[in-house]
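Here the structure is laid out as structure tokens; the discussion comes afterwards.
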Amino acid sequence: MSLAEKYPQEVERILAKYPPEHKRSAVMPLLYLAQREEGYITKAAMQDVAQLLEMTETEVAAIIGFYTLYHDKKEGKYRMQVCTDLPCALRGADQFLEELCENLGIQVGETTADGLITLEEVKCLAACDKAPMFQLQSGEGIEYYENMTVDKTMELIEALRKAGKEVE
Amino acid sequence: MAYILLRHREIPDIHEIDVYEKHGGFAALKKAVTEMTPEQVTEEVKASGLRGRGGAGFPTGLKWSFMDKNNWPHYVVANADESEPGTFKDREIMERNPFQFLEGVAIASYAVGANRAYIYLRGEFWPIAHFLDEKIAEMEKAGYLGERLFGTDYSLHIYTHLGAGAYICGEETALLESLEGKRGQPRIRPPFPPSYGLYGKPTVVNNVETLTNVPYIIANGAQAYRQFGTEKSPGVKIFSLSGCVNRPGNYELPLGTTFRELIFEHGGGIPEGRNIKAIMPAGASSSFIVATDEALDTPMDYESVPNVGAQLGSASVIVIDDSVSMDWVVEKTIHFFQHESCGKCTPCREGTYWMRKLIERIRHADGTEEEVALLKDVAMQIRGKCLCALGEFSTMAVVSGIERFAPDFEKAVATSSPE
């Protein structure tokens, strides 16, 4: 099913934001929409966006490749993106990430065995006074978790795990 | 002093439209649209001395007056891409005092004759974009946005647009490319956006904090605004304070407040009795200021900060204490810029890559003093050779770190060994 068939109202609302002769501007919001269900953009969805906006597939692929919040392969259901930039690091973010790796038994860039969490290290998220912090990205969106400890993070992961099982 | 920008700290529910109205909200917009010409609005902002709060400090009213009046339509774009390490002020404004920001967008749009305005938010501000969408809808319902505002011929629509994780999109021409659905890479300037901006049309790009000052200026007049700050840097500024301080956070203070007052009075000083070593006043893009008494007593305004060897920029003050080695800090900033270089200009793309290689050798392998000199040399080769400021920014900490904190690098060379 194409994006326009799957989310007709949202596609229309997105296209209405931009002048009709500049509909290419809609590529970024449409790619978020394409990423919603699976957490990454499939080749078919990419072709779909290209067709909808009269762009070439290469042009759409270039957008996906350039911006870090678009993904072209399946990873964990949630991407836990920890900021380790200078201000966060001055508040212990490097150690936080290291301990989180130990607790989860994975390295940065890896996914937990149950496919729930992919752990990533990212650049500044504009939360410098509330480190350690991370954002959780899923197909549904992005949420910030600030002033975190490893214990609080492990509790959050456990809650996400339980919530996921209940849905199944 | 009462707050001008962070008014939610006194009026917690100011994000509710009726509360905002009750506290004078939208009076400035109504006054501008019904009682003033666009030129008068621009003149008032010019007279206030308001300068861009995103980092460049360009006079706001002057920028508005540059809009090409022979080329239409005009656009206003609010730069909400806040991504500089150490900067987190625009986020607080949008989350807590959204209507004042949106009113500022609307007044700016009226001043330059734009019927469409876009707010470009960094992708990570996903929930904030949805929140602003709700606030925009409430304004439309109440008649502050939409067709024929206040019974005049003026119409305005504001739209949010989410980026997707790219520091470079805070650079105004890269932002416009991104908004046009392209990769966010800077354009050659000139032409500047007021003559060639979004879709090639005249466009004003202003930072969120800049725009949030505008309703106060229109409601109270330029002279009222000038009672704060200094002669050449009038008004208030939000200082984002982070790093080695007891009370990090945003502080709205008059321009010209000293580093000492910000860090020690408001920020509560340095934790665990340690001593302050260096200050980065403009986030990761900043040169290091050596934290001498003279530096601490320097007023934080656009004219004074250069006297101690840095720029005020976005006023994102990162404090570094004496437990921190500067070669470590430099490695952090190089990592950032190497990751965020958009790849368009060779000196930045290749230069940040080689700076990273060198700092990693200096810190983690058997780096030599020659390599420290080479690192500085590579940084100097980047300067002045890139289309936008990112290349330049990537060299600030490197050069000032090696020049002003040489012993830290000597120690790094002496103690590093192959892992």
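Convention: sequence-line order gives letters A, B, ...; per-chain numbering from 1. Source: prediction; values computed, not measured.
Between H161(B) and P29(A), the closest side-chain pair of non-hydrogen atoms falls below 4.5 Å. Proximity of L69(A) to E124(B): side-chain heavy atoms (C-beta onward) are separated by under 4.5 Å at one or more points. Counting heavy atoms from C-beta outward, Y144(A) and P127(B) have side chains that stay 4.5 Å or more apart.
Using modelled atom types, no side-chain atom of S242(B) and backbone atom of D129(A) make a donor-acceptor pair closer than 3.5 Å.
Residue W126(B) holds its CH2 atom at 8.0 Å from CD of E140(A), rounded to the nearest 0.5 Å. Atoms NZ and OH, from K17(A) and Y159(B) in turn, are 9.5 Å apart once rounded to the nearest 0.5 Å. Note that SG of C124(A) is 9.5 Å distant from CD of E340(B), once rounded to the nearest 0.5 Å. Rounding to the nearest 0.5 angstrom, the gap separating the NZ atom in K201(B) from the NE2 atom in H22(A) is 8.0 Å. Between the NZ atom in K89(B) and the SG atom in C128(A) there is a gap of 12.0 Å [rounded to 0.5 Å]. Taking CD1 of I318(B) as the start and CG of L86(A) as the end, the distance is 5.0 Å to the nearest 0.5 Å.
At a 4.5 Å heavy-atom cutoff, the contact between A16(A) and chain B is made by backbone atoms alone. For C342(B), the parts lying near chain A are the backbone and the side chain together; criterion is any non-hydrogen pair under 4.5 Å. When heavy atoms are compared at a cutoff of 4.5 Å, Q35(A) does not approach chain B at all. Interface residue R122(B): only side-chain heavy atoms are found under 4.5 Å from chain A. Looking at T160(B), both its backbone and its side chain come within 4.5 Å of chain A, counting heavy atoms on both sides. Of the two parts of F337(B), neither the backbone nor the side chain holds a non-hydrogen atom closer than 4.5 Å to a non-hydrogen atom of chain A. Proximity to chain A (any heavy atom under 4.5 Å) is shown, for S178(B), by both the backbone and the side chain. R24(A) touches chain B through backbone and side chain together, each having a heavy atom under 4.5 Å away. Contacts of H130(B) with chain A are absent, with no heavy-atom separation under 4.5 Å from either backbone or side chain.
Within residues 323-334 of chain B, the residues having any heavy atom under 4.5 Å from a heavy atom of chain A are, by residue number, V324(B), W328(B), V329(B), K332(B), T333(B).
Heavy atoms only, all atoms of each residue included: D85(A) and F336(B) are closest at OD2-CD1, 3.1 Å. What you find for A126(A) and F88(B) is that their closest heavy atoms are O-CB, 3.3 Å. Residues Y67(A) and A166(B) share a closest heavy-atom pair of CD2-CB, 3.9 Å. In this structure, G86(B) and P87(A) approach most closely via the heavy-atom pair N-CG, 3.6 Å.
The candidate with the highest count of non-hydrogen atom pairs below 4.5 Å against chain B, out of G65(A), P19(A), C88(A), is P19(A). The candidate with the highest count of non-hydrogen atom pairs below 4.5 Å against chain B, out of A26(A), C83(A), A89(A), is A89(A). In terms of non-hydrogen atom pairs under 4.5 Å with chain A, the most contact-rich of C244(B), G163(B), S83(B), A284(B) is G163(B).
Contact check on R91(B) versus E146(A) returns a salt bridge, with a Lys/Arg side-chain nitrogen under 4.0 Å from an Asp/Glu carboxylate oxygen.
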> Where do K182(B) and F66(A) land on the side-chain contact (heavy atoms from CB on, under 4.5 Å) test, with the steps shown first?
Replying inline: CA-CA 9 Å; K182(B) 302 169 193 159; F66(A) 185 84; over 6 Å; no

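Within a 6.0 Å sphere centred on CD of E272(B), other residues, nucleotides and ligands contribute 12 heavy atoms or fewer. The environment of Q9(A) atom CD is sparse: at most 12 non-hydrogen atoms of other residues, nucleotides or ligands sit within 6.0 angstrom. For CD of E57(A), the number of neighbouring non-hydrogen atoms (other residues, nucleotides, ligands) closer than 6.0 Å is greater than 12.
Taking the ring centroids of Y118(B) and Y18(A), they lie under the 6.0 Å cut-off.
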